[in-house]
Amino acid sequence: MLPKAYDPKGTEDRIYKMWEESGAFKPSGDESKETFTISMPPPNATGQLHLGHAVMLALEDIFIRYERMQGKDVLWIPGTDHASIATESVVIRKLIKEDGIKNPREELGREELLKRIHSYVEESRSTIRSQVRKMGSSCDWSRENYTMNQALQRTTYEAFKDMYGKEVIYRGHRIVNWDPKLHTTISDDEVVWVDKTAPFYTFQYGPFQIGTVRPETKFGDKYVVMHPDDKRYAQYKHRDTFECEWINGTITATIIKDEAVDPEFGTGCMTITPWHTQTDFDIAQRHNLDKQQIIDFDGKLMDIAGEFAGMKIEDAREKIVEKLDKKGLLVKVDENYEHTTATSSRGGAIVEPQVKEQWWIDVNKKAVDWKGKKMSLKEVMQDVVRSGDIKIIPERFEKNYFYWIDNLRDWCISRQLWWGHRIPVWYKDGETHVDVRPPEGDGWEQDPDTLDTWFGVGQWTWSTLVDPKLTEDYSLSLQDILDKSPDYQRYHPTQILETGYDIIFFWVARMILMTTYSTGQVPFETVYLHGMVRTRDGKKMSKSHPETMIDPLDIIEKYGTDALRMSMIVGQSPGNDQKLYEEKIAGYRNFVNKLWNASRFVLMQCESAGVTPAEVESGKWKVENLSLADKALLSSLQDLITDVSEGLEKYRLSEVGERLYSFTWDYFCDWYLELSKGEVNPDVLVSALRTIVTLLHPYCPFVTEELWESIKPEGAEMLISEPWPESDTSLKDQSAQEELQPVIDVISAIRSLRADQGIETNKKIIVTLLTQTKGELFEAQNEHIKSLAKIESLTIATHPDAPKPENAAASVLNNVEVYMSLEGLIDQEKEVVKLSAEKEKLEGFIKGINAKLDNKKFVENAKKEVVILEKEKLESAESKLQKVIERLTSLN
RNA sequence: GGGCGCAUAGCUCAGUUGGUCUAGAGCGUCUGGUUUACACCCAGUAGGUCGGGGGUUCGACUCCCUCUGCGCCCACCA
């Protein structure tokens, strides 16, 4: 016999091992079956699994298990991400802090530092692997992948080479976001803008007044720019020059007219610093102006600053203002000026725009063959979503996606980091060699930079499917490799990409870009975006505030994986954030335990009936011999199967979870099991439980698998490999479900009357049931009603003038008898009375229904049930209307 | 500045082409119960003018407008 409470700790690891060893996670490879593939978004190989991962794993595992049980050939590839910038900065920080190495790069050198990072990564990768397993993820570990694998390196290099050949990748001096702390460029998406209040200075600059928050950049300013239409400055001509006293003496300034200047802002004119501001850089490019570096890559002023050279910019600022003030050039200071400052999302350093020679991807060059046309990367990215090749859930994110692409600028793909895929370019005596392998001969120097992580990870869905052996054969082209890789041929494109909405631009968009370019296929068909997990107060869980963090592993230890999974899925809708807290998780732990105990009960019933569950063959019963409760149960189960299947197809995971929860608890346990305490049909009982357990398996894989062991039919395999139940329409028995309802209502009504009258539940009472109809039904259910409502004796009589419930309640006081009328429960007289109050409204209602039924599109789109429901409602409403009209006319 | 989301019971949330919503669930509250599936339980109770206002409609939590309050994303003007 099973223990009294479900013990996840004693179950989960054992079950997981059993699954993994059985090979159930591997795709069947059955050619006759449709494939279903998900590439697991690789967690960063830097640390611990957090709730974000847990949500992702739970969602994906539900999709995967459902499709596997549907009989598809299912593949879910796990992996980890080397995450160059994140990992390198974590390890460097660690070396500085824990090992006392002040400047790890210089002291250790490239090779040694990479070795250290590598060993750190290997350790945390194995941690993550075991944590992914803890979540019950049914992914194919034999195909586990890693973004630093040789295969991904090869495909990355191939893409680089090809893009370079088509001039989609180019090298150029452009303005970049420079992180002076990490000493690398970062992409636009890695910049975080922070609101700040800072003094806004206005200086006299020759005849002009110019405003700035950054006096320290102004040393090299020799251009003053204004809008060409600004009448105030009409007297000045484009390219006019003038002498002007400035920070370090007199300079010659040039007037530039450019539309980028907003005449409404400040004085309507400004000086520019092309080397350190994007807008200024663009102006300088347009007019072919000189650009000069003022601040070095450590954030210190350069020689041009004269006496200020070598100072940190934040220290120099005040002193420069002081000097200008002494010269009488400071006009005014606005201390409360609000503006935003660019900071790095890694480490928080203030980002200093710099001009640097970098590698770029041209997103506007029409160099991609797509659907028989030459398109730019931007156009392809737009096309695949617009045409519906890729669907984003929730849909509203498609708007965001398009907006982002519209504003997308060339993508800077080189990073001054060491950890990552090194740029496949070699230099020698001014020669440049771009290839997937180093050139022959001596003296070639490889580009020191690495590629942006997202460049490589953008190939994740397919680089993980190519045969790694082929990537070592350099006689093959990328196309050859793809053609000869069976996994790629069979499992790409993937079906769902499931990830958080926060990386839609970082990653989702880049995957679309990289994959369409290199393979001519979309990487995935559907993008399912989940929201962030927040604390009870709606705050972000952050590492800097450990008390706000919920560690999934602690939760698993305490409540079990199934409970954690349920609590994250129910109440979570795509694209929206959710709050998670312990009470909620405990609630689902209770649910898991409820299921456990219901199963125990079923097993006990079998035992006392002398039947072993294994002997039970579903469907062996004769329907006509079944009790009303059994018929109703089997019928509602068919509805459940339909609802769960349809809900999962439509990605309504929360709704399905709730449906399963309430069916199991409210219907199966509280009603059916209670109702059948007198007499049971073990066949029905066991097969119903099997269905419930099967339907719950994608959500609660562990407890269901464990229970399956006790209730499965003779010769059945593990639940993970069981086929998904199909709704059996022959068991649909609407009337049984409807018949049972009045019985349930009567019991509820009696219970509630008892409560009203303060009659203790252990005290048996005598009830006379007066009803206008359905006398036989209550006769047949007499025993059940008696035992469930604790009734001494139940007399049933039918009478057209049965008393109203309130009268019945009054008589209880005197006679300890409950008279009940079912009139109010079965008939919808109340509604008639309500509707009759306003004849017009009723007519409008019928008009509305008629209009709906006349609308072909409505009928087509609506579910059949809905139409039937509306029709029935229409009929009853019509007859009610007749009655109302009759009454009204008789009154007149 | 542009865009998006949210506002429903004390708390966390469902409510999918407007009509079984007379607005539901879980947790919490309160009342009562429990020798044998389960106190990680059972039965019941209280609690909401569905953020405010306006509109469309026979009918609005649901659609439109507007206001208020929270949150997010993108862009950025010196």
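Each chain gets a letter, A, B and so on, in the order the sequences are listed, and its residues count up from 1.
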Contacts under 3.5 Å, N or O only, protein and nucleotides 25-30 of chain B:
none

Indicate every side-chain donor-acceptor pair of residues 660-668 of chain A with a distance under 3.5 Å to a residue at least two apart or in another chain.
unit_1    : atom_1 : unit_2    : atom_2 : d
Thr664(A) : OG1    : Leu660(A) : O      : 2.6
Tyr667(A) : OH     : Ser636(A) : OG     : 3.1

For residues 565-576 of chain A, run the donor-acceptor check on the side chains, cut-off 3.5 Å, and write out each pair with its distance to 0.1 Å, sequence neighbours left out.
unit_1    : atom_1 : unit_2    : atom_2 : d
Arg565(A) : NE     : Tyr699(A) : O      : 3.2
Arg565(A) : NH1    : Asp61(A)  : OD2    : 2.8
Arg565(A) : NH1    : Met135(A) : O      : 2.9
Arg565(A) : NH2    : Asp61(A)  : OD2    : 2.9
Arg565(A) : NH2    : Pro698(A) : O      : 2.8
Ser567(A) : OG     : Ala563(A) : O      : 3.2
Ser567(A) : OG     : Leu564(A) : O      : 2.8
Ser573(A) : OG     : Asn576(A) : ND2    : 3.0
Asn576(A) : OD1    : Arg396(A) : NH2    : 2.9

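Per the geometry, CZ belonging to Phe591(A) stands 17 Å off P belonging to C40(B), to the nearest Å. One can place CE of Met568(A) at 17 Å from C1' of C13(B), the figure rounded to the nearest angstrom. Note: NZ (Lys4(A)) to C1' (U35(B)) measures 11 Å, nearest angstrom. Separating the OH atom of Tyr401(A) from the P atom of G5(B) is a distance of 20 Å, rounded to the nearest angstrom. Across the protein-nucleic acid pair, Ile504(A) atom CD1 and G3(B) atom C1' stand 14 Å apart, rounded to whole Å. Per the geometry, CZ belonging to Arg600(A) stands 12 Å off C1' belonging to C41(B), to the nearest Å. Across the protein-nucleic acid pair, Gln578(A) atom CD and A14(B) atom C1' stand 14 Å apart, rounded to whole Å. Regarding Asp502(A), its CG atom lies at a distance of 18 Å from the P atom of G5(B), rounded to whole Å.
The residue among Lys399(A) and Cys669(A) whose nearest nucleotide of RNA chain B is located toward the 5' end is Lys399(A).
Of the C1' atoms belonging to U29(B) and G48(B), the separation is 16 Å, rounded to the nearest Å. Separating the C1' atom of C41(B) from that of C4(B) is a span of 45 Å, rounded to the nearest Å. Annotation: A46(B) and C27(B) have their C1' atoms spaced 16 Å apart (nearest Å). G10(B) sits 16 Å from C30(B) when the P atoms are compared, rounded to a whole Å. Taking atom C1' on both C63(B) and U45(B), the two are 37 Å apart, rounded to the nearest angstrom. One P atom belongs to U36(B), the other to U22(B), and the distance between them is 42 Å to the nearest Å. Across C65(B) and A23(B), the matching P atoms stand 27 Å from one another, rounded to whole Å. For the C1' atoms, the distance linking C50(B) with A60(B) amounts to 11 Å, nearest Å.
Nucleotide G1(B): paired with C74(B) (Watson-Crick or G-U wobble, both distances less than 3.5 Å). Both distances falling under 3.5 Å, in either a Watson-Crick or a G-U wobble arrangement, place U31(B) opposite A43(B). In this structure, C13(B) and G24(B) make a Watson-Crick or G-U wobble pair, each of the two defining distances being under 3.5 angstrom. Using Watson-Crick or G-U wobble geometry with both donor-acceptor distances under 3.5 Å, G69(B) finds its partner in C6(B). The base-pairing partner of U36(B), taking Watson-Crick or G-U wobble contacts with both distances under 3.5 Å, does not exist among the strands shown.
In the displayed structure, Glu395(A) atom CD is contacted under 6.0 Å by at most 12 heavy atoms of other residues, nucleotides or ligands.
The side-chain contact (heavy atoms from CB on, under 4.5 Å) search around Asn597(A) returns Asn593(A), Arg600(A), not counting sequence neighbours. Not counting sequence neighbours, the partners of Arg409(A) by the side-chain contact (heavy atoms from CB on, under 4.5 Å) test are Asp188(A), Gln278(A). Scanning for salt bridge (Lys or Arg N to Asp or Glu O under 4.0 Å) contacts around Lys9(A) gives Glu557(A), with sequence neighbours left out. Residues forming a side-chain contact (heavy atoms from CB on, under 4.5 Å) with Ser710(A) (at least two apart in sequence, or on another chain): Leu2(A), Leu603(A). By the salt bridge (Lys or Arg N to Asp or Glu O under 4.0 Å) test, Asp221(A) pairs with Lys218(A), sequence neighbours left out.
Between the side chain of Arg589(A) and the base of C40(B), a donor-acceptor pair under 3.5 Å is found.
Backbone-only engagement by Asp670(A) is indicated by non-hydrogen atom pairs under 4.0 Å involving sugar-phosphate atoms exclusively.
Separation of atoms OH (Tyr403(A)) and CZ (Phe505(A)) is listed at 10.5 Å; rounding is to 0.5 Å.
Look at Lys579(A) and you'll find a side-chain N or O under 4.0 angstrom from OP1 or OP2 of C13(B). Within the 4.0 Å cut-off from OP1 or OP2 of A14(B), at least one side-chain nitrogen or oxygen of Ser573(A) is found.
Checked against the 6.0 Å centroid criterion, the rings of Trp246(A) and Tyr205(A) qualify as a close aromatic pair.
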Summarise protein proximity over nucleotides 69-78 of chain B in one line of letters, 5' to 3': B for base, S for sugar-phosphate only, - for none, counting protein heavy atoms closer than 4.0 Å.
-----S-BBB
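Judged purely by distance below 3.5 Å, without hydrogens or angles, the side chains of Lys291(A) and Gln285(A) pair a donor atom with an acceptor atom.
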